[in-house]
Amino acid sequence: MRSSVYFYPTLKEIPQEAQIASHRLMLRSGMITQVTSGIYTWLPLGLKVLAKISQIVREEQNCAGSLEVLMPTIQPAELWEKSGRYHDYGKEMLRIKDRHEREMLYGPTAEEVITDIFARFIKSYRDLPKRFYNIQWKFRDEIRPRFGIMRGREFLMKDNYSFDLTMEGAKASYQAMLEAYVRTFARMNLTAIPVRASSGAIGGNLSHEFQILAETGESEIFYDPEYEKLDVNTLTLDRLQTLYAAADELHDPQNCPVPLDKLKTARGIEIGHVFYFGTKYSIPLGAYVMGPDGKQIPVEMGSYGIGISRLVAAIIEAHHDEKGIKWPDSVAPFKVGILNLNIKDAPCTQLCENLYQKLLQAGVEVLYDDRDLGPGAKFADMDLIGLPWQIIIGPRSVTSGQCEVKNRRTGEKTEMSFDDALHSVSL
RNA sequence: CGGGGUGUAGCGCAGCCUGGUAGCGCGCCUGGUUUGGGUCCAGGAUGUCGGGGGUUCAAAUCCUCUCACCCCGACCA
């Protein structure tokens, strides 16, 4: 992609309304722009990142044996009346009426819709277990939206719903999701701590929230250092139940099993939440299957959310510096940026064009800054939008035959030949 | 919803107290200049001063109603 035809309206000045790093950087790098309180348009650069994150989440969900569906944003009140939540959910639910005065709502979550689908199509224990997920826009009419996309009213969420015959089965589903989450966040260079949680409005009796560590996180969390050694091979539900981790409001220093000198503390951003809630929805919505003994059994359910749009902000909170974003490779909107320091210098531009074409041919996602701007502006913009690699080519490259390759994450700069540059960023 | 604040050019702001018909920086357009960290010079365009009502010879400025947005708190992926 050429910068001259792309669209990323970068801002030199810090937008007044933005308080936290991710919000400021998303606005300044031209990823998003606010439409109204808590509601944003995703501009091309931001949308690209959102799509990359969605894809990673999707791959790990599929890998964990889940089936993707796409449920609507607008749901009928009727379904929520069955579960009792139409009354319970409160003002966070955006309620609307269609032209027939029928009560509708913009879905804040989708337990009712998916459970209804299950109830209508799945009748036998032989079809279990089943897990369905979708990646869809949700709306929660937050009392006070803030921090940009981090707490918007409209947000993109992956929500997965598991259906099992027994509680043991449900726990296996729960564990499969825990593992998928650890893998998912690891792929985004995030350290995630599954903190035991009260299950809130969705209800139930087993719940963990995933906090990802970032210095600017919203809440303080206290956790056993063993958490930092967790990976998918050592992570089991039983093991998790024995480890201590708590967010500040739930932290109880009196009854904390971890000695004070070992207890670790960090800032966390809640990015995912997993729940087991049994038959809370299956019974009222009629999600029963015929068991092996010929009896109707309400299915055991769980639900598992990941705030995808929030992840964009969370990744930035975890990976930025004073100049801008430092994208992990896996979610970067482009892998490489080429900076043509003087497009009016024909030989220099020729070098840039050649390299650009070679990178495209190699299948590398590249943003070529071919705009007629001074070098300073290009350096500043490229650091701001945070592509993992920068290849800097100026008139002096014409005589030296070298370009400068800069690693945005480490700041390391190396002069090398064009072939070497091509090779090193293609890895 | 309670408390606080802000709405003036695309962005960041001054002007408001003490009423006299709108300004600065950045950005944008034109010409030139410069080209390895937001070059420099010259010229130029852009405003229902958030909206309604009122006071006044005269309102960005005073009064009043209203809307939007932001911040703190309670709630949340």
Side-chain angles (χ1 to χ4, degrees), chain A residues 9-20 23-24 27-28 30 33-39 57 89-93 107-110 135-160 181 197-202 207-212 218-219 247 249 268-275 303-314 323-324 339-345 348-349 369 371-384 390-398 400 402-404 406 411 413 415:
Chain A
T10 56
L11 304 172
K12 190 173 356 181
E13 294 181 88
I14 299 171
Q16 183 232 339
E17 74 270 19
Q19 299 298 308
I20 63 167
H23 190 193
R24 287 199 292 263
L27 291 169
R28 287 191 54 215
T33 186
Q34 181 168 323
V35 175
T36 187
S37 181
I39 298 178
V57 171
Y89 214 94
K91 291 195 164 185
E92 284 200 352
M93 179 148 67
T109 176
I135 294 173
Q136 176 62 293
W137 293 94
K138 306 294 193 295
F139 195 95
R140 292 184 192 172
D141 200 358
E142 294 286 339
I143 296 170
R144 182 153 89 87
R146 65 184 114 173
F147 305 144
I149 227 70
M150 187 81 87
R151 184 179 307 292
R153 293 193 289 174
E154 189 182 46
F155 58 98
L156 188 61
M157 182 167 90
K158 181 284 297 179
D159 42 323
N160 187 323
Y181 278 30
S198 62
S199 37
I202 294 182
S207 173
H208 286 86
E209 57 187 37
F210 276 78
Q211 297 275 351
I212 70 119
E218 284 183 275
S219 52
E249 68 277 11
I269 298 168
E270 188 186 351
I271 209 66
H273 211 148
V274 293
F275 301 93
S303 74
Y304 316 90
I306 291 180
I308 292 185
S309 47
R310 178 180 278 191
L311 262 174
V312 180
K323 288 184 174 173
L339 288 79
N340 181 347
L341 297 188
N342 185 356
I343 65 157
K344 288 177 179 159
D345 182 313
C348 171
T349 294
D369 194 343
R371 296 172 299 174
D372 185 11
L373 291 176
K378 293 190 178 184
F379 283 121
D381 267 2
M382 202 57 86
D383 284 344
L384 177 60
Q390 298 176 11
I391 300 177
I392 298 146
I393 299 169
R396 79 185 189 201
S397 303
V398 176
S400 69
Q402 306 257 299
C403 55
E404 183 179 290
K406 175 173 155 183
K413 300 175 191 172
E415 289 277 335

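Within every chain, numbering begins at 1; the chains are lettered A, B, ... in the order of the sequence lines, protein sequences first and strands thereafter. Note: hydrogens, waters and symmetry copies are ignored here, and every other heavy atom, side chains too, is used.
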Distance-only polar pair, side chains of A:Q211 and A:E209, donor-acceptor under 3.5 Å: yes
Determine if A:F155 stacks with B:A77; use a centre-to-centre distance below 5.5 Å and an interplanar angle below 30° as the criteria. yes
On RNA chain B, compare the nucleotides closest to A:E404 and A:R146; which residue's is nearer the 5' end? A:E404
If you measure from the C1' atom in B:G51 to the same atom in B:C69, how many Å do you get, rounded? 14 Å
Could you state the atom-to-atom distance from CG of A:D141 to P of B:A77 in whole Å? 15 Å
Is A:R146 salt-bridged to A:E218, cutoff N-O under 4.0 Å? no
Closest to the side chain of A:F379, out of B:G38, B:G37, B:C1, is B:G37
Please work out if A:D159 contacts a base, only the sugar-phosphate, or nothing of the nucleic acid, heavy-atom cut-off 4.0 Å. nothing
Nearest whole angstrom, please: distance from the P of B:C70 to the CD1 of A:I143. 15 Å
Can you tell me the distance, in whole Å, between the CG atom of A:N340 and the C1' atom of B:G37? 16 Å
What does A:G152 touch in the nucleic acid at a heavy-atom separation under 4.0 angstrom: a base, only the sugar-phosphate, or nothing? base
Rounded distance in Å - CD (A:E142) to P (B:C69): 15 Å
Mind checking the P distance from B:G15 to B:U55? Whole angstroms is fine. 29 Å
Is there a side-chain polar atom (N or O) of A:S37 under 4.0 Å from OP1 or OP2 of B:A68? no
Could you go over nucleotides 7-15 of chain B and give all protein N or O partners under 3.5 Å, atom names and distances?
residue: B:C11; atom: O2; partner: A:E13; partner atom: OE2; Å: 3.2

With a 3.5 Å distance limit and no angle check, can you tell me whether A:S207 reaches the backbone of A:V274 through a side-chain donor-acceptor pair? yes
Any base atoms under 4.0 Å from A:D383, or only sugar-phosphate, or nothing? Heavy atoms, all strands. base
Where protein sits on nucleotides 44-51 of chain B, one letter per nucleotide: B base, S sugar-phosphate only, - none, heavy atoms under 4.0 Å: --------
Rounded distance in Å between the C1' positions of B:A58 and B:U18: 16 Å
Whole-Å distance between B:C71 P and A:R24 CZ? 12 Å
Side-chain N or O of A:R144 versus OP1/OP2 of B:C71: is the shortest distance under 4.0 Å? yes
What does A:S400 touch in the nucleic acid at a heavy-atom separation under 4.0 angstrom: a base, only the sugar-phosphate, or nothing? nothing
Non-hydrogen side-chain atoms of A:R310 and A:I271 separated by less than 4.5 Å: yes
To the nearest Å, give me how far apart CD (A:E154) and P (B:A77) are. 17 Å
Report which part of the nucleic acid A:Q19 touches: base, sugar-phosphate, or nothing (heavy-atom distance under 4.0 Å, all strands). sugar-phosphate
Pairs under 3.5 Å (N/O, protein and nucleotides 27-35 of chain B):
residue: B:U35; atom: O2; partner: A:L341; partner atom: O; Å: 3.4

Taking only residues two or more places apart in sequence or in another chain, which ones pass ring pair (Phe, Tyr, Trp, His ring centres under 6.0 Å) with A:F379? none
A:K323 NZ to B:G38 P, straight-line distance once rounded to whole Å: 10 Å
Any donor and acceptor pair, going by atom type alone, linking the side chain of A:R28 with main-chain N or O of A:L11 inside 3.5 Å? yes
Carboxylate-amine/guanidinium proximity below 4.0 Å for A:K344 and A:D372: yes
Side-chain contact test, heavy atoms from C-beta onward, threshold under 4.5 Å: evaluate it for A:D369 versus A:Q390 and give yes or no. no
Under 4.0 Å, heavy atoms only, any strand: does A:K91 hit a base, just the sugar-phosphate, or nothing? nothing
For A:L341, is there any backbone N or O sitting under 3.5 Å from a side-chain donor or acceptor partner on A:K378? no
State which of B:C75, B:C70, B:A77 makes the closest approach to the side chain of A:E270. B:A77
Say we look at B:U8 and B:G23: how far apart would their C1' atoms be, to the nearest angstrom? 10 Å
Name the residue closer to the 5' end of RNA chain B, choosing between A:F147 and A:S309 according to the nucleotide with the nearest heavy atom. A:F147
Base, sugar-phosphate, or nothing for A:M382, non-hydrogen atoms under 4.0 angstrom? nothing
Rounded off to whole Å, could you give me the CD-to-P distance for the A:Q34 and B:U6 pair? 19 Å
Under a 3.5 Å cut-off for both distances, is B:A68 Watson-Crick or wobble paired, and to whom? B:U6
For A:P108, which of A:K138, A:E92, A:R140 qualifies under side chain to side chain contact (heavy atoms under 4.5 Å, CB included)? A:R140
Suppose we screen for ring pair (Phe, Tyr, Trp, His ring centres under 6.0 Å). Which residues come up paired with A:Y181, at least two apart in sequence or across chains? A:F185, A:F210
A:T349 side-chain N/O to A:I343 backbone N/O, donor-acceptor pair under 3.5 Å: yes
Write down the partner of B:G23 under the Watson-Crick or G-U wobble criteria, each distance required to be under 3.5 Å. B:C13
Side chain proximity check, A:S303 to A:D159, heavy atoms < 4.5 angstrom: no
Select base, sugar-phosphate, or nothing to describe what A:G272 touches, counting heavy atoms under 4.0 Å on all strands. sugar-phosphate
How far does the C1' atom of B:C41 sit from the matching atom of B:U46, given to the nearest Å? 22 Å
Mind checking who B:C1 pairs with, Watson-Crick or G-U wobble, both distances under 3.5 Å? B:G73
Applying a 4.0 Å non-hydrogen cut-off, can you work out what A:R153 is touching in the nucleic acid: base, sugar-phosphate, or nothing? nothing
Considering every strand and a 4.0 Å limit on heavy-atom distances, what is the contact class for A:G394: base, sugar-phosphate, or nothing? base
What residues form a salt bridge (charged side-chain N to carboxylate O under 4.0 Å, His left out) with A:R24, not counting sequence neighbours? none
Taking the P atom of each, how far is B:C40 from B:A77, in whole Å? 49 Å
If the C1' atom of B:C26 is compared with that of B:U21, how far apart are they to the nearest Å? 27 Å
Against the side chain of A:I392, the closest entry in B:G36, B:G38, B:C75 is B:G36
CG-CD1 distance between A:D345 and A:I393, expressed to the nearest 0.5 angstrom: 11.5 Å
If we take the C1' atom in both B:C28 and B:G38, what is their distance in whole Å? 16 Å
Looking at CD1 of A:I308 and CD1 of A:I149, how far apart are the two atoms once the value is rounded to the nearest 0.5 Å? 13.0 Å
With a 3.5 Å limit on both atom pairs, tell me what B:U56 is paired to, counting Watson-Crick and G-U wobble, or say none. none
A:T36 side chain N/O closer than 4.0 Å to the phosphate oxygens (OP1, OP2) of B:A68? no
